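Contents: one structure, followed by commentary.
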Amino acid sequence: MVDGFCDPQFSRVRDAFASNLASGLEHGGGVSVVAGGRTVVDLWGGHADAARQRAWQRDTLVNVWSVTKGIMAIAMAMMVERGRLDYAAPVSRWWPEFAQGGKSGLTLDLVLSHQAGLNGLSVPMAEAGLYAWTPYADALAAMAPLWEPGTHCIYHTLSFGALTGEILRRVDGRRPGQFVREEIARPLGIEFHIGLPESEEPRVAEMSEGEGASRWIKAVQESPFPHSCRNPVPRALAPNDRAWRAAEIPGGNGHATARDLAAIYGTLAGGSGKGLLSPEMIREASRPRVRGWDGSFAAPAAFAAGFQIEESLGLGRSAAFGHNGWGGSIGFADPEAGFGFGCVTNLMLAADDAQDPRQKALVDSVYASL
């Protein structure tokens, strides 16, 4: 059931991954670790389809949901370091239409730390509008904040990607898919797709929804901050539609392997950035921006400049930064421990307030191996 490579020092990780598969907690996926600039774990196993007819392969791609937000945080940091963006500057400097609705002073830092008051649209929007890019971005630009920016930290489920993606497009000229491919993936010799080419379709894993995996949507809709789960409502199985995979949705439709995630975060954990970011920029981008309470999830929240940290990341490691994805995928760096980590899955489980048990077993096994 398990294939790939594992350094003997990290045999606990192989054991944990095999246990996840054998217990039925895992259907198919992968786990990878880059420590000290070297890949020490690159494992995959299980099945890439719900019918268990297709084995998970080394190059199987899967939708990693909000892990994509962490990659967008890296893209934003790259633009800051190049002098094209400024965390403290208003978004309207680069996106003039964004000044509508009293948003002329709303800063990039507030957008990246989920404090912008734009956790979703206040007007109706079908999935087609999200997929088409411009209708969704234009609606965000036109609306007034749903709360006074900076007074609440409320998770921007889908809008985060449209906000950061349009800002990137305005200053660079490229949409997120092209930027990430050319500026992040290609230099590292990996893949990370935001907008999946049709030629890669045969490699994509089919998503399965475990019991309760969508329970959080109803809870958010019934909260004082329901907009992140409206216009449109997130669907667990949307990644099984070609329309979703083909679109650029930088808040949630990145496709990658665990190896790709570990490679990206491994460069950041080592402090070198391998040309992506300088050590100083890595520290600035991962610096805490907000610690508070997310009233949509009724849970603690902590964010850096687009990265989940502390309670939001849920690892119990103060130095770690990265991003979780709906259902169990995660990518993160721990500079103190010196490694980057990625795990991906096609079986979405309900974790509620606790860390995904598969993810916890894998992460704990890495730390135990150091």
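Please read these numbers as outputs of a predicted model, since none were measured by experiment.
Counting heavy atoms from C-beta outward, L313 and I330 have side chains that approach closer than 4.5 Å. Inter-residue side-chain proximity for T345 and S329 is flagged as met; some heavy-atom pair is nearer than 4.5 Å. Inter-residue side-chain proximity for E191 and R203 is flagged as met; some heavy-atom pair is nearer than 4.5 Å. Contact check for D3 versus R58: no side-chain heavy atoms found under the 4.5 Å cut-off.
Screening I74, D172, I167 for a side-chain contact (heavy atoms from CB on, under 4.5 Å) involving M79 leaves a single residue, D172.
Listed for the N20 side chain is a donor-acceptor partner under 3.5 Å among the backbone atoms of R358. Put simply, the side chain of W326 gets close to the backbone of A213: a donor and an acceptor are under 3.5 Å apart. R230 places no side-chain N or O within donor-acceptor distance of the main-chain N or O of G120, the cut-off being under 3.5 Å. Side-chain N or O atoms of S92 include one that pairs as donor or acceptor with a backbone N or O of S104 at under 3.5 Å. The backbone N or O of C343 lies less than 3.5 Å from no partner atom in the side chain of Q359, so there is not a single donor-acceptor pair.
Of the charged side-chain nitrogens involved, none lies within less than 4.0 Å of a carboxylate oxygen, so that E280 and R287 do not count as a salt-bridged pair. No salt bridge links R54 with E206; every basic N to acidic carboxylate O contact stays at or beyond 4.0 Å.
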Checklist entry - Hey, mind stepping through F160 and L112 against side chain to side chain contact (heavy atoms under 4.5 Å, CB included) and telling me if it holds? => result CA-CA 7 Å; F160 179 95; L112 291 174; 4.0 Å; yes
Item to check | Trace of the salt bridge (charged side-chain N to carboxylate O under 4.0 Å, His left out) decision for E284 with R289 | outcome: CA-CA 10 Å; E284 172 61 16; R289 273 20 180 225; 3.1 Å; yes
Item to check | Verdict with reasoning, N63 to W244, per side chain to side chain donor-acceptor pair (under 3.5 Å) | outcome: CA-CA 10 Å; N63 192 97; W244 169 275; 2.8 Å; yes
Item to check | Test salt bridge (charged side-chain N to carboxylate O under 4.0 Å, His left out) applied to E248 and R169, step by step | outcome: CA-CA 12 Å; E248 293 188 44; R169 190 186 71 82; over 6 Å; no
Next on the checklist: Walk me through whether H255 and E200 qualify under side chain to side chain contact (heavy atoms under 4.5 Å, CB included).
Outcome noted: CA-CA 10 Å; H255 283 73; E200 308 305 322; over 6 Å; no
Checklist entry - Is there a side chain to side chain contact (heavy atoms under 4.5 Å, CB included) between L108 and D86 once you walk through the steps? => result CA-CA 7 Å; L108 179 60; D86 181 341; over 6 Å; no
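Annotation: F10 is not in aromatic contact with F5 [ring centroid separation under 6.0 Å not met]. Here F332 and Y265 keep their ring centres 6.0 angstrom or further from each other.
Open room surrounds CD on E336; 12 or fewer heavy atoms of other groups in view lie less than 6.0 Å from it.
Aromatic ring orientation, F225 versus W147: perpendicular (interplanar angle above 60°, classes split at 30° and 60°). The aromatic rings of H114 and H323 sit tilted, their planes meeting at an angle between 30° and 60°. Between F297 and Y155, the two ring planes are tilted [angle within 30° to 60°].
With a 6.0 Å cutoff to the six-membered ring centre and a 45° limit on the axis angle, R170 does not count as a cation-pi contact of F98.
In the hydrophobic clustering of this structure, I71 groups with L168; members are Ile, Leu, Val, Met, Phe, Trp, Tyr whose side-chain heavy atoms approach within less than 4.5 Å, directly or through other members.
When every heavy atom of D334 is checked against every heavy atom of A319, the shortest pair comes out as OD1-CB, 3.7 Å.
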